[in-house]
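Contents: one structure, followed by commentary.
Reminder, nothing fancy here: chain letters follow the sequence lines and each chain counts from 1. Quick caveat, the model's predicted, so the values are computed rather than measured.
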2 protein chains.
Amino acid sequence: MSRLPEYLRALHALAETGHETVSSEGLASAVGVNSAKLRKDLSHLGSYGTRGVGYDVALLIDQIESVLGLTQCRAVALVGVGNLGHALAGYDGFASRGFRIAALLDADPSRVGERINGLVVRHVDELSRVVAEETISIGVIATPAPAAQAVADELVAVGVTSILNFAPCVLSVPEGVDVRKVDLAIELQILSFHEHRKASLTALPATGGSALTALPGGLATTDTQEAIGT
Amino acid sequence: MSRLPEYLRALHALAETGHETVSSEGLASAVGVNSAKLRKDLSHLGSYGTRGVGYDVALLIDQIESVLGLTQCRAVALVGVGNLGHALAGYDGFASRGFRIAALLDADPSRVGERINGLVVRHVDELSRVVAEETISIGVIATPAPAAQAVADELVAVGVTSILNFAPCVLSVPEGVDVRKVDLAIELQILSFHEHRKASLTALPATGGSALTALPGGLATTDTQEAIGT
DNA sequence: AGGCGCTTGTGAAGAGGTGCACAAATCGCG
DNA sequence: CGCGATTTGTGCACCTCTTCACAAGCGCCT
């Protein structure tokens, strides 16, 4: 599930503060989910906690990392060293969680040769050579939208089967290739919607505003974290 | 729904290429969803297409933007001008979609005064003054994880009710405040999991590898776009 | 050794999203 | 004016995810 990485992060935090075991309740509240859901998730792993005690933190970390395939450090290739790509190249959150940026690529010749974080930007045409040098398991696309599909095609052509796409567009890829997308503007638009909904509700508490804002329970927007603790 | 922004993006692309109307089928394939789902989504808006013809692109854009509250340009305050914050400040995808970065804030005095994209970085203590100057509707947190909760508390204190959190941690906020989070490392970890699963399946097609990889249909990871077209 | 409290693992019920298939409605053409 | 082609809107069945509630198991204390 997509929640496993969140559990993992919380577990690492617990391990650093010296906890040896966690109850499902404790871990669940740290992540912000229902404890039953967490237990069910963990039971799918086949991982065993001990009843009456809880889960062994270190053991659980190993189990989850094993399932996520994080036992080995994965090399990622980053294509597009513009504004966003530059930030990603320098983001230390990757290295600290088992990912190594192995190559920086860009189509712009004026960017080729630039040095970022000890890595030299190479031309995107060298992609196949880069993949030959290192075992690239994930490709990250941080190009403008018009270039994204072509880059994706090239990545697929050289054997990359997992792509993280930051370009605001839909990618067409053959079966067997996984694509996840992150669109920063979409996140803002969803917040804007909530903002708009809240404004309507407070302004027109009786009528409820438009049809949408009056829907029972509002609209479900996945991944929205709402009202945890105080 | 969280799909509305994606529809909106596709619609803008269609409008630019001169289309005046779209069928649900056409728009659905452009976004990569089922046409029935799209029709149901749009029907929730109360927005009417005309049977036998399709949807009026311009009208639909207006409808969706109205629902999302994008009729007015929303001002966002960005806290944390590190690697990621720097990129976000320079990201032009915000302005082009109705968001204006109205303020840059950071706790590091050495960063205060820096000029990014025509905006001067101010100290985070000035937050209340910034909010007084402009109507900030969304706060973006791009600080390191340890500082995120404090920043969130301050944002809430000055009246911000929508927060986009890039820090890898769970935020506690009072009811009525919406938080969305984007964790770049989590996205990579999910891809890593798929990579790992695919590797196990090809290596051990008979046994199916671990218990997890043998689950029927694999594990559901929301937002994963898989095998669209060729 | 036995009982008690605590926690896991899981069956079952509930809720929500998804997709199919079809009726209703609209346009264009003869 | 009427008919057929086309497309929306939606009832229905299915399926997954979520949540509750409880039995089973483990450790500790007496």
Side-chain angles (χ1 to χ4, degrees), chain A residues 1-4 6-7 10-11 14 19-57 59-60 63-64 190 211-212 214-228, chain B residues 1-4 6-7 10-11 14 19-57 59-60 63-64 190 211-212 214-228:
Chain A
M1 322 268 182
S2 58
R3 283 187 295 269
L4 286 182
E6 308 192 36
Y7 299 161
L11 284 168
L14 284 170
H19 296 71
E20 303 225 336
T21 62
V22 222
S23 69
S24 65
E25 198 81 35
L27 183 55
S29 71
V31 179
V33 300
N34 188 299
S35 65
K37 192 195 304 190
L38 185 139
R39 283 199 300 275
K40 194 153 284 189
D41 286 346
L42 294 185
S43 74
H44 286 329
L45 296 177
S47 143
Y48 297 146
T50 45
R51 307 182 179 211
V53 178
Y55 297 92
D56 183 298
V57 173
L59 178 66
L60 203 49
Q63 290 263 358
I64 294 180
I190 294 173
L212 249 193
L215 278 180
L219 267 69
T221 52
T222 49
D223 280 353
T224 302
Q225 161 199 332
E226 201 162 350
I228 292 182
Chain B
M1 321 267 186
S2 58
R3 283 186 296 269
L4 286 182
E6 307 193 35
Y7 300 160
L11 284 167
L14 285 169
H19 295 71
E20 302 224 336
T21 62
V22 223
S23 69
S24 64
E25 197 82 34
L27 182 55
S29 72
V31 180
V33 300
N34 187 295
S35 65
K37 193 195 302 190
L38 185 140
R39 284 199 298 276
K40 196 156 288 190
D41 286 346
L42 294 185
S43 75
H44 285 331
L45 296 178
S47 144
Y48 298 146
T50 46
R51 305 181 179 210
V53 177
Y55 297 91
D56 183 296
V57 173
L59 178 65
L60 203 49
Q63 289 263 356
I64 295 180
I190 293 174
L212 249 193
L215 279 180
L219 268 69
T221 53
T222 51
D223 283 352
T224 303
Q225 160 197 334
E226 200 162 350
I228 292 182

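For A/Tyr55 and C/dG9, the shortest distance from a side-chain N or O to OP1 or OP2 is below 4.0 Å. Applying the 4.0 Å criterion to OP1 and OP2 of C/dC20, one finds that B/Asn34 has a side-chain N or O inside that range. Proximity of B/Arg3 to the phosphate of C/dT18: a side-chain N or O atom is located under 4.0 Å from OP1 or OP2. Listed pair A/Ser24 / C/dT8 meets the phosphate criterion, a side-chain N or O lying under 4.0 Å from OP1 or OP2.
Side-chain proximity of A/Ser23 to C/dT7, D/dG27, D/dT19: nearest is C/dT7. Distance from the side chain of A/Ser43 is smallest for C/dG9 among the nucleotides C/dG9, D/dT19, D/dT8. Comparing D/dT7, C/dT18, D/dT19 against the side chain of A/Lys37 picks out D/dT19 as the nearest.
Between A/Arg3 and A/Asp41 there is a side-chain heavy-atom pair separated by less than 4.5 Å. Contact annotation: the side chain of A/Val22 never approaches that of A/Leu60 to less than 4.5 Å [non-hydrogen atoms, C-beta and beyond].
In terms of polar N and O atoms assigned as donor or acceptor, the side chain of A/Arg51 comes within less than 3.5 Å of the base of C/dT8 in a complementary pairing.
In this structure, A/Lys40 and A/Gly52 both approach DNA chain C, and ranking their closest nucleotides by distance from the 5' end singles out A/Gly52. A residue-by-residue look at A/Ala36 and A/Thr50 shows that A/Ala36 has its nearest nucleotide of DNA chain D further toward the 5' end.
The two residues B/Ser24 and B/Tyr55 come nearest to each other via the heavy atoms CB-CE1, 4.0 Å.
Backbone-only engagement by A/Ser47 is indicated by non-hydrogen atom pairs under 4.0 Å involving sugar-phosphate atoms exclusively.
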| field | Residue pair B/Tyr7, B/Ile64: steps toward the side chain to side chain contact (heavy atoms under 4.5 Å, CB included) verdict | value | CA-CA 9 Å; B/Tyr7 300 160; B/Ile64 295 180; 4.1 Å; yes
